[in-house]
Amino acid sequence: MVEHAQIVRLFEATRSWYDFNERDVWCLFHSFSFDFSVWELWGALHCGGRLVLVPEHIARSAPDFYTLVCKSSATVLNQTPSAFKALIEAERESGVRNQLRYLIFGGEALEPSSLKPWFERHCEHAPRLINMYGITETTVHVTYRLLNKSDTSSSCGPIGERIPDLRIYLLDGHGQPVPFGAVGELYIGGAGVARGYLNRPDLTAERFLADPFSGKAGARMYRSGDLARYLPDGNLEFLGRNDDQVKIRGFRIEPGEIAARLLEHELVGDAAVVAHADAAGDKRLVAYVVAKTTDGSAEADGAGLAASLRAHLGGLLPDYMVPSAFVRLDALPLTVNGKLDRKALPVPDDDAYARRAYEAPQGEIETLLAGIWAELLGVE
């Protein structure tokens, strides 16, 4: 359970970054079961603002929600990046001007390139876009980053600087700090760290550890499982999760990096990349793409899109990072909390996987070699 003192701590710690006041209008967009709602609910009440409760059927419809944002004169909006992608399109189609002062991202990793359409239509300061990396176990938010147009050229998510009363450590597999600029696992200490998991002493012991760096008796830190590194300017860059990495044919791959490259293509509106096991049990990368057209034509239809995207990635990434299959969707499935619902992504048909044209072995040596490989691999 989140304690009231921790909520007050969070807003007091971030006071220098925001000027929330009694004139602000917040939207309670997320479910009470989602930690983001803590920031929405208590943000409005703590600052004396007005809170708009968003009905579920409106939260699930980007056009209807954008209409509510405009009619209610909302000034503070909290969104997951996945939900905001749909809102960008709803705002473009509506043509109605909103009164937002802050758009705050959280809940999942941000792909900066997805914000390009927004910055193309807005100046950088109206409204201000904020990326706040956070973890439920550390009372919602950990870092703050004011985003600007130059961030959209990054393939990874800048998450900025820590909240003042938290401590951040980037540690290696032995629990030692990594050199500046090197990738490490994020550990968080300080006032926001929770006491542990209810009735889960084993998991609590695994994730909530003694903090050897604080110098205070009894201090603890939370092991996040997230990877990050410090940029030359001192800001943090989020690099995904330890358990999101997949190993295919001996190569360690971060699917989020591939998705970010897909979003750079002019015909891609949204994308996600996951690893699926095929009929033989081998893992293969599958890209799920929401296509868009630049001129209203059907240019993005059919197998031509997959070929175009495969060529696009082939020029940017090594062969082992190019997905074996591309699946086109009308929209990426989202959970009720606005996050990507990976379990709802359809399993691609065998025909969706790319195959090279078959060339029969020629001569005695090629035929012999082909027979040996077929026997070893168990394929024709």
*What do you reckon, is CG of Leu368 surrounded by more than 12 foreign heavy atoms closer than 6.0 Å?*
yes

*Less than 4.5 Å apart, any side-chain heavy atom of Phe238 and any of Leu227?*
no

_Could you check whether any side-chain heavy atom of Ser308 comes within less than 4.5 Å of a side-chain heavy atom of His265, counting everything from C-beta outward?_
yes

_Can you list everything that forms a ring-ring contact (aromatic ring centres under 6.0 Å, His included) with Tyr288? Sequence neighbours excluded, please._
none

_Counting the benzene-type ring for Trp, do Tyr102 and Phe20 have ring centres under 6.0 Å apart?_
yes

*Please confirm whether His46 and Trp42 have ring centers closer than 6.0 angstrom.*
no

*Okay, side chain of Gln79, backbone of Ile104: is any donor-acceptor separation there less than 3.5 Å?*
no

_Strictly distance-based, threshold 3.5 Å: is any side-chain N or O of Arg220 a donor or acceptor partner for the main-chain N or O of Ala194?_
yes

_Salt-bridge criterion met for Asp24 and Arg101 (N-O under 4.0 Å)_ = yes

*Just by distance, with hydrogens left out, do Thr75 and Gln99 show a side-chain donor and acceptor under 3.5 Å apart?*
no

*Test Tyr133 against Asp226 for side chain to side chain donor-acceptor pair (under 3.5 Å), laying out the working first.*
CA-CA 11 Å; Tyr133 164 79; Asp226 292 332; 2.6 Å; yes

*For the residue pair Ile130 and Phe105, establish whether any side-chain heavy-atom pair is separated by less than 4.5 Å.*
no

*Please name all residues satisfying side-chain contact (heavy atoms from CB on, under 4.5 Å) with Tyr197, sequence neighbours left out, ordered by chain then number.*
Glu137, Arg200, Leu203, Thr204, Arg207, Phe208, Tyr222

*Are the side chains of Arg167 and Tyr169 in touch, meaning some heavy atoms are under 4.5 Å apart?*
yes

*asked:* Between Ile258 and Pro323, is there a side-chain heavy-atom distance shorter than 4.5 Å?
replied: yes

_Do Ile188 and Ser224 have side chains that approach each other closer than 4.5 Å (heavy atoms only, starting at C-beta)?_
yes

_Before you tell me yes or no, could you show the steps for Tyr230 and Asn235 under side chain to side chain contact (heavy atoms under 4.5 Å, CB included), namely the whole-Å CA-CA distance, both residues' side-chain angles and the distance that decides it to 0.1 Å?_
CA-CA 6 Å; Tyr230 279 105; Asn235 284 289; over 6 Å; no

*Would you indicate whether the side-chain heavy atoms of Leu305 and Arg328 approach each other to under 4.5 Å?*
yes

*Are a donor atom and an acceptor atom from the side chains of Tyr66 and Asn98 found within less than 3.5 Å of each other?*
yes

*Measure the shortest side-chain to side-chain distance between Phe34 and Glu40 over non-hydrogen atoms and say whether it is less than 4.5 angstrom.*
no

*Verify the cluster assignment for Met321 and Leu263: are they in a single hydrophobic cluster under the rule of side-chain heavy atoms below 4.5 Å apart?*
yes

*Before giving the answer on salt bridge (charged side-chain N to carboxylate O under 4.0 Å, His left out), spell out for Asp270 and Lys85 the whole-Å C-alpha distance, their side-chain angles and the decisive distance to 0.1 Å.*
CA-CA 8 Å; Asp270 206 352; Lys85 290 175 186 177; 2.6 Å; yes

*Would you call Arg223-Glu206 a salt bridge at under 4.0 Å N-O?*
no

*Kindly check if the number of other-residue, nucleotide or ligand heavy atoms within 6.0 Å of NZ (Lys71) is above 12?*
no

*Do Glu91 and Arg121 pass the side chain to side chain contact (heavy atoms under 4.5 Å, CB included) test, and can you show the C-alpha distance, the side-chain angles, and the key distance before you say yes or no?*
CA-CA 10 Å; Glu91 187 233 23; Arg121 294 199 303 272; 2.7 Å; yes

*Do you know which of Phe36, Trp39, Phe65 makes ring pair (Phe, Tyr, Trp, His ring centres under 6.0 Å) with His30?*
Phe36

